[in-house]
Structures are given as structure tokens and as C-alpha cells.
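The structure appears below as C-alpha cells.
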2 protein chains.
Amino acid sequence: MMIKGNGVNIESEPRRYHHGDLRSALVAAGLELLASRAADEMSLREVARAVGVSATAVYRHFPDKQALLFELCEHGAQQLCESQRIAMAGKTPKTALEASGRAYILFALANPGLYRLMMATKPSIKYIDAHDSAMDNAMQLLKDCVANVLPTNATAMEHEVAALHAWSLVHGISMLMLDELVAPDGKVIDALLEIPLNFV
Amino acid sequence: MMIKGNGVNIESEPRRYHHGDLRSALVAAGLELLASRAADEMSLREVARAVGVSATAVYRHFPDKQALLFELCEHGAQQLCESQRIAMAGKTPKTALEASGRAYILFALANPGLYRLMMATKPSIKYIDAHDSAMDNAMQLLKDCVANVLPTNATAMEHEVAALHAWSLVHGISMLMLDELVAPDGKVIDALLEIPLNFV
DNA sequence: CATTAAAGTTTACGGTGATAACATGATGAT
DNA sequence: ATCATCATGTTATCACCGTAAACTTTAATG
């Protein structure tokens with residue numbers, strides 16, 4: 001690649017007709033906007049503006065708004081998955097469950113718009129080709145995590161209920177705190193995270 | 001009131017300039033629409049159309065859309081409260097807690113749009129004059145319910161955590177089922193409702 | 001009755017998601 | 001090298017939304 005003119009290589013050409021990688025730029029801008037807005041308060045035009053492109057350019061890469069949002073969901077699911085995996089690394093089954101629960105809640109609190117989009121939005125967004133999506137990975141991770149603390153002779157129903165208990169608890173408290181119905185408080189979160197373990 | 005003309009008293013005058021009780025008609029129409037749409041998919045114009053009135057007539061009774069939605073929230077909170085109270089009537093503390101939890105979840109599943117509006121919507125809607133609102137009643141009901149099954153020497157922190165556990169559980173499972181991340185299943189709900197009791 | 005205020009109406013504005021028709025320029029065959 | 005093609009941009013437009021302003025109708029009051 002040539003260094004132009006004054007040697008500064010900041011890629012400051014005022015505008016190029018073709019963006020280069022608009023698709024991922026839109027996704028990045030979308031994720032950024034989701035940090036401050038809810039998904040339904042974020043307009044496509046706003047995303048396009050953030051990237052410096054016309055409003056309808058988005059439609060060259062996504063059939064509609066939901067398609068872009070779905071893409072953001074997948075990114076979120078991957079992030080969530082990774083956070084949990086990191087938190088669990090090298091822990092015993094019990095402490096791993098607690099750690100992944102904490103990571104789950106902290107992810108939700110740190111990414112309000114994204115988490116709400118992933119979890120608390122009409123299913124139209126979620127179940128377009130939802131198999132092989134990263135969402136399923138996150139759920140499988142939870143189930144495995146829970147399975148590891150159950151006795152080996154536990155029934156399938158017991159597995160199901162235990163997993164659902166854990167998920168309901170972390171999802172419930174996350175949503176209550178995101179919606180400001182409950183004040184975020186680390187101590188309370190810790191106390192809640194111990195409950196599934198006591199019960200098992 | 002006079003019976004007119006043919007004796008049919010159906011109030012079928014084609015149109016009157018003044019509606020008579022537009023405010024409550026709007027609330028009723030809003031509640032009805034919430035049965036099939038989410039709150040942000042329900043437009044003010046749609047509500048006005050349902051009542052047969054011009055779009056801007058709404059603004060004679062509510063300063064903006066959120067104000068109408070807030071009114072709907074209050075109706076929902078009252079209904080929820082009443083459902084729980086009925087379910088608890090004449091039960092022992094333990095069975096009362098379980099019954100009110102079941103009533104809570106069933107209310108959520110039966111009123112998706114309304115429940116989501118009440119609980120899973122940005123706080124702007126909820127905390128306008130939220131004291132003396134019916135929402136607080138519902139929460140207090142839960143806390144009392146939980147307090148009744150705790151040992152008398154339980155600390156304030158234990159009360160808080162136990163109440164939050166119960167709320168997180170029923171809210172979490174309600175939302176997961178509303179968002180179709182978990183299939184509604186009475187057996188599973190029953191199993192989950194026993195957990196707070198086992199723990200206590 | 002005449003006046004006034006409450007409760008409706010029409011009109012209008014800026015913002016939105018989406019479609020259609022047009023413009024540009026990167027790519028590959030000649 | 002030139003040129004056609006076509007993906008990737010653009011502008012123009014539509015219907016709908018929330019909301020504000022100005023006008024109209026009707027009920028209520030002195």
C-alpha cells in the first residue's frame with residue numbers, strides 16, 4: 001500500500017462511494033448504539049448515520065431491521081458465552097455454576113440494550129434459523145453447568161427443573177435490575193447465587 | 001332515560017361530537033389491544049381508531065403516549081394484585097406463597113402485552129408518581145407472603161433475599177415463557193414453585 | 001341567552017421502516 | 001487497455017407514527 005502525500009496514513013479520504021466493509025461497520029455501530037439505547041429506540045437511519053452512509057444503504061446488507069438486530073443478537077450470545085466460559089475456567093462444578101451465574105448477570109447489567117434484545121424481545125427476532133446460533137451454545141453451557149452439580153442418578157425431569165431454576169433466577173434478577181425494579185447490589189446477587197447450590 | 005323510537009335501546013346514534021367518557025374508553029381499548037400486541041407495537045392512533053375518535057383527541061386526556069400506557073400499567077397491577085389475593089384466600093402461609101406465585105405466572109402468561117408493559121419496559125413509564133400506585137401493593141403483597149414463611153428471627157437481609165428469590169423466580173420463568181425461550185408447561189411451573197419452600 | 005371552557009376536529013411537521021429507480025465504480029473478459 | 005456487468009451505493013417517495021397548533025362544536029354557567 002502506498003503512503004500518500006505528507007506521509008500521514010490515517011485513511012482520511014473525505015468519502016468513498018463504496019464503504020469497503022459496510023456490513024460489519026453497521027453491526028459495530030449497532031452494537032455501540034445498543035449501549036445507550038434499547039433496540040426499538042435505535043433507528044436504522046441512526047445506524048446508517050453513525051457509519052456515514054445513506055439510510056437505505058443498510059438494505060443492501062440486511063433485508064430489514066430485524067435482520068440487523070438478529071445479527072447483533074448473535075454477537076451478544078457469543079460474548080455472553082465467552083464471559084461465562086472465562087468465569088468458569090478451572091473451577092470445581094459448584095463454584096463454576098456460581099461463577100457462570102455471576103458472569104451472566106454482570107453481562108446483562110453491562111449490556112442492557114443488547115441483553116434485552118437477546119432475551120426480552122418478541123420471538124420473531126430470535127427464532128429465525130435459531131438452531132446453530134450462538135444462543136443455543138449459551139443455553140447448552142448452562143445445562144451442562146447445572147448437570148455437573150446434580151447427583152449422577154438424577155432424572156431428566158430433575159435436570160430440566162434444576163436448569164430452569166438456575167436460568168429463571170439469573171434471568172429474573174437481571175431483568176428486574178435492568179428495569180430498575182430492584183436496585184443493583186452485589187451482596188444481594190451473591191446471596192441469590194448461592195441458593196441453587198443450597199437446594200442441590 | 002327515555003326509550004326511543006322502536007324501543008330498541010342500543011344507543012346506536014351514529015356519532016356524537018362528545019364521546020361522554022372518552023378517557024375510560026381509551027383505557028379499555030388500550031387494554032384490549034394489549035392482548036394481541038406489545039405496547040410499543042400499539043399506536044395511539046390505533047387506540048383512537050378503535051374508539052372511533054380522531055387521533056389527537058387522545059391528547060385531551062393524556063399528555064402523551066406514556067401517560068396512557070402508565071394508566072394501563074396501573075390497571076394491570078390491580079388485576080395482578082387481585083388475582084394473587086384470590087388465589088391465596090384462606091390458605092396456610094406455605095400454600096399461600098405457592099398459590100400466589102402460580103397466580104402471578106398465570107397472570108403473566110394470560111396477559112403478555114400488559115405484563116411486559118408493567119415489568120419489562122424502561123422505567124420512564126413506571127416511576128412517574130409510582131408511590132401510591134398499585135404496583136407497590138403487588139410488591140408488598142409478595143413481601144408479606146414471603147415473610148409469613150420465614151422464621152420469626154430472620155434478619156432483614158434474609159427477608160430481602162428470600163423475597164427477591166421468589167420474585168426473580170416467578171418473573172424469570174414468566175419472561176422466559178412469554179419470550180418463548182421456554183415452552184409453557186404446568187408441571188415445570190409447579191416444580192419450580194416448590195423450590196422456594198424447600199429452601200425455606 | 002350569551003359567554004366561556006371543555007372536548008372534539010383538521011392540518012401540519014419531523015422522524016421512521018421500507019420500496020423503487022437511478023448512479024457509481026470495482027471486477028473480469030476481451 | 002477497454003468495456004460491460006453488477007454489487008453497492010444514492011435519491012425520491014410512501015404510509016405510518018407521535019405530537020403540536022389552530023379551529024369547531026357542544027355543554028355548562030351567570
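Heavy atoms only: backbone and side chains are in, while hydrogens, waters and symmetry mates are out. Naming convention: chains lettered A, B, ... in sequence-line order (proteins, then strands); numbering from 1 in each chain.
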Short side-chain donor-acceptor distance under 3.5 Å, A/D136 and A/Q140: no
Let me know the distance between CG of B/L22 and P of D/dA27, rounded to the nearest Å. 15 Å
Rounded to the Å, how far apart are B/E46 CD and D/dC16 C1'? 11 Å
Classify B/R49 by what it touches in the nucleic acid, base, sugar-phosphate, or nothing, heavy-atom distance under 4.0 Å. sugar-phosphate
Contacts of A/D21 that satisfy side chain to side chain contact (heavy atoms under 4.5 Å, CB included) - sequence neighbours left out: A/R23, A/S24
Among D/dC17, D/dG9, D/dT19, which nucleotide sits nearest the side chain of B/K65? D/dT19
Any pair counted as side-chain hydrogen bond (donor to acceptor under 3.5 Å, both in side chains), so long as it reaches residues 44-60 of chain B, sequence neighbours left out: B/R37-B/E46
Output all residues satisfying side chain to side chain contact (heavy atoms under 4.5 Å, CB included) with A/A154, sequence neighbours left out; order by chain, then residue number. A/L150, A/P151, A/E158, A/H159
Identify whether any heavy atom of B/S43 sits under 4.0 Å from a base atom; if not, whether one sits that close to sugar-phosphate; answer base, sugar-phosphate or nothing. sugar-phosphate
Which residues pass the side chain to side chain contact (heavy atoms under 4.5 Å, CB included) test with A/C145, sequence neighbours left out? A/M88, A/L97, A/S100
For a quick check, tell me whether the side chain of A/R45 and the base of C/dG15 share a donor-acceptor pair closer than 3.5 Å. no
In the hydrophobic cluster built from side-chain contacts under 4.5 Å, what are the other members alongside B/I86? none
Sorted by number, the residues of residues 55-64 of chain A with heavy-atom contact under 4.0 Å to DNA chain D: A/T56, A/A57, A/R60, A/H61
Listed partners of A/N148 passing side chain to side chain contact (heavy atoms under 4.5 Å, CB included), at least two apart: A/P93
For B/Y115, all residues meeting ring pair (Phe, Tyr, Trp, His ring centres under 6.0 Å), sequence neighbours excluded: B/Y104, B/H171
Within residues 27-41 of chain B, find the residues that approach DNA chain D with a heavy atom at under 4.0 Å, and present them sorted by residue number. none
Distance, rounded to the nearest Å, where B/L68 contributes CG and D/dG18 contributes C1': 13 Å
